[in-house]
Protein chains: 2
Amino acid sequence: MRLTTKGRYAVTAMLDLAFHSDIKPVTLTDIAARQTISLSYLEQLFSRLRRANMVKGIRGPGGGYTLADTADKINIADIIAAVDEPIDATKCGGEANCQKEQACLTHDLWMGLSDQIRDYLKGITLAQLLEKHHVKSVAKRQDQEAEQVIGIHRHTELLASLNE
Amino acid sequence: MRLTTKGRYAVTAMLDLAFHSDIKPVTLTDIAARQTISLSYLEQLFSRLRRANMVKGIRGPGGGYTLADTADKINIADIIAAVDEPIDATKCGGEANCQKEQACLTHDLWMGLSDQIRDYLKGITLAQLLEKHHVKSVAKRQDQEAEQVIGIHRHTELLASLNE
DNA sequence: TTAATAGTTGACTATTTTGCTGGGTTAAGT
DNA sequence: ACTTAACCCAGCAAAATAGTCAACTATTAA
């Protein structure tokens with residue numbers, strides 16, 4: 001699992017879509033203007049997102065993109081995985097072709113960590129992020145309320161799984 | 001918080017160090033051989049790690065690197081932060097220089113997510129990863145009683161080195 | 001003292017990824 | 001027909017990544 005600006009662009013665009021595509025499809029031109037991402041770069045990203053069945057493209061006037069599913073069914077890990085190259089799991093490609101035992105061991109450790117991050121991001125949906133933002137803006141408007149609904153208990157939960 | 005192969009190299013190298021530097025300092029040449037990372041690339045990474053006070057360099061014959069602190073005091077987030085460029089938090093650099101409200105909102109959402117990942121990784125130490133691996137390898141060894149004997153002597157060798 | 005070891009530094013190169021431009025083609029609505 | 005917008009390329013400049021080379025300095029064993 002990698003975390004780069006590319007994935008960030010994708011998540012941002014998907015959030016924008018979740019925000020605006022309730023009524024009608026959203027054009028990439030709109031997203032490009034709102035999020036200041038170049039149209040052609042968005043096209044690249046959405047080409048992958050569409051092939052991964054995260055969004056649906058509707059052609060013609062009045063067309064655009066909509067989410068392929070409800071926002072609570074779309075998680076962050078899948079979005080990032082969709083736009084990232086399939087990571088080649090370098091050098092120790094799946095099978096044990098490592099000559100050295102140590103190399104494989106530390107490789108395993110890293111992969112385990114990577115899996116945990118993926119699981120963590122799999123547990124966060126677009127709907128949760130929108131809700132969190134909603135809560136936050138409401139809280140800012142009224143008075144300070146306790147936010148952070150999503151993060152904390154999940155954090156401890158995952159740490160607990162480390163200690164098994 | 002970014003997650004790239006660079007950070008992975010750094011974590012892998014630090015894990016290798018945590019494994020082997022109990023008795024004496026570990027040379028980058030050794031790490032390069034074990035982890036199949038180029039020596040000079042390691043030099044770059046360890047230059048940053050040293051400046052970030054994650055490791056100590058010891059010169060002269062018998063020299064090498066050791067952890068600057070015990071393995072339970074070194075967390076993954078700090079390792080990655082040490083080798084990564086300070087992320088520029090693009091376009092909305094700290095202050096609210098976003099012209100559009102939406103851009104800032106989704107930006108906030110992403111930054112919040114990024115913070116959560118950082119907190120998560122801050123909660124995972126080298127010691128935890130080593131411990132997890134230790135348990136796992138023992139279990140694997142017990143399972144492989146009737147099977148091929150390839151890994152066994154390496155395991156005992158490793159366990160022996162842990163008890164010294 | 002001397003030679004070997006090993007870290008330190010900086011500049012340099014190759015490759016990959018990133019973000020973007022611009023050209024088109026195809027499907028759908030007016 | 002004409003427009004709109006998704007779709008699909010080929011390519012390209014800048015940046016990041018990964019690795020190389022060479023000169024240097026500090027340490028210490030012999």
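The sequence lines fix the lettering, A, B, ..., with proteins before strands; numbering per chain opens at 1.
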Is the phosphate of [N], meaning OP1 or OP2, less than 4.0 Å from a side-chain N or O of [X]?
| X | N | answer |
| --- | --- | --- |
| Tyr9(B) | dT17(D) | no |
| Tyr41(B) | dG19(D) | no |
| Arg8(B) | dT17(D) | no |
| Ser38(A) | dC20(C) | yes |
| Thr27(B) | dG7(C) | no |
| Arg51(B) | dT9(C) | yes |
| Arg50(B) | dG7(C) | no |
| Thr4(A) | dT18(C) | yes |

I need the [atom1]-[atom2] distance between [X] and [N], as an integer number of Å.
| X | N | atom1 | atom2 | answer |
| --- | --- | --- | --- | --- |
| Phe46(A) | dG19(C) | CZ | P | 15 Å |
| Gln44(A) | dA6(D) | CD | P | 15 Å |
| Asp30(B) | dG7(C) | CG | C1' | 14 Å |
| Leu3(A) | dA16(D) | CG | C1' | 16 Å |
| Leu39(B) | dA22(D) | CG | P | 14 Å |
| Leu42(A) | dA5(D) | CG | P | 15 Å |
| Ile31(A) | dA5(D) | CD1 | P | 13 Å |
| Arg48(B) | dG19(D) | CZ | C1' | 15 Å |

Taking NZ, NE, NH1 and NH2 as the nitrogens, is one of them in [X] or [Y] under 4.0 Å from a carboxylate oxygen of the other?
| X | Y | result |
| --- | --- | --- |
| Glu85(A) | Arg48(A) | yes |
| Asp115(B) | Arg118(B) | yes |
| Asp78(B) | Lys122(B) | yes |

Open item on the list: Listing request: all ring-ring contact (aromatic ring centres under 6.0 Å, His included) pairs with a residue in residues 27-61 of chain B, at least two apart in sequence or in separate chains.
Closed with: Tyr9(B)-Tyr41(B), Phe46(B)-Tyr65(B)
Could you check which of [options] has an atom nearest any side-chain atom of [X]?
| X | options | result |
| --- | --- | --- |
| Ser40(B) | dA6(D), dT20(D), dC8(D) | dT20(D) |
| Arg2(A) | dC8(D), dT17(D), dT17(C) | dT17(C) |
| Thr5(A) | dC8(D), dC20(C), dG19(C) | dG19(C) |

- [ ] Show your reasoning for whether side chain to side chain contact (heavy atoms under 4.5 Å, CB included) applies to Leu45(A) and Lys6(A).
- [x] CA-CA 8 Å; Leu45(A) 297 179; Lys6(A) 193 175 195 173; 4.0 Å; yes
Open item on the list: Expected output is a numbered-order residue list: members of residues 55-65 of chain B with a heavy atom under 4.0 Å from any atom of DNA chain C. What is it?
Closed with: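 Here the set is Ile58(B), Arg59(B), Gly60(B), Pro61(B), Gly62(B), Gly63(B), Gly64(B), Tyr65(B).
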- [ ] Could you pick out which residue, Gly7(B) or Ser47(A), lies toward the 5' side of DNA chain D when each is mapped onto its nearest nucleotide?
- [x]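 In this pair, the answer is Ser47(A).
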- [ ] Examine the side chains of Arg8(B) and Thr12(B) and answer whether a donor and an acceptor come within less than 3.5 Å of each other.
- [x]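 Distance-only check fails for Arg8(B) and Thr12(B).
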Open item on the list: I'd like to know if the side chain of Ser21(A) and the backbone of Leu17(A) have a donor-acceptor N/O pair within less than 3.5 Å.
Closed with: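 Yes, Ser21(A) side chain to Leu17(A) backbone: donor-acceptor pair under 3.5 Å.
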Task: Donor-acceptor contact present, side-chain Thr125(B) to main-chain Ile74(B), <3.5 Å - done: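 No, Thr125(B) side chain to Ile74(B) backbone: no donor-acceptor pair under 3.5 Å.
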Task: Over all atoms of both residues, closest heavy-atom pair of Ile58(B) and Pro25(B) - done: CD1-CG, 3.7 Å
Task: Net bend of the helix from dT1(C)-dA30(D) to dT30(C)-dA1(D), end axes of five pairs each, nearest 10 degrees - done: 20°
- [ ] Indicate, yes or no, whether a donor-acceptor pair under 3.5 Å links the base of dG7(C) to the side chain of Glu43(B).
- [x] no
Task: Touch class at under 4.0 angstrom, heavy-atom based, for Leu28(A) against every strand present - done: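 Result for Leu28(A) = sugar-phosphate.
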Task: Single hit among Ile31(B), Ile79(B), Ile76(B) for side-chain contact (heavy atoms from CB on, under 4.5 Å) with Met14(B) - done: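 Looking at Ile31(B), Ile79(B), Ile76(B), the match for Met14(B) under the side-chain contact (heavy atoms from CB on, under 4.5 Å) is Ile79(B).
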- [ ] Could you go through the side chain to side chain contact (heavy atoms under 4.5 Å, CB included) check for Met54(B) and Leu126(B) one step at a time?
- [x] CA-CA 12 Å; Met54(B) 314 285 300; Leu126(B) 284 183; over 6 Å; no
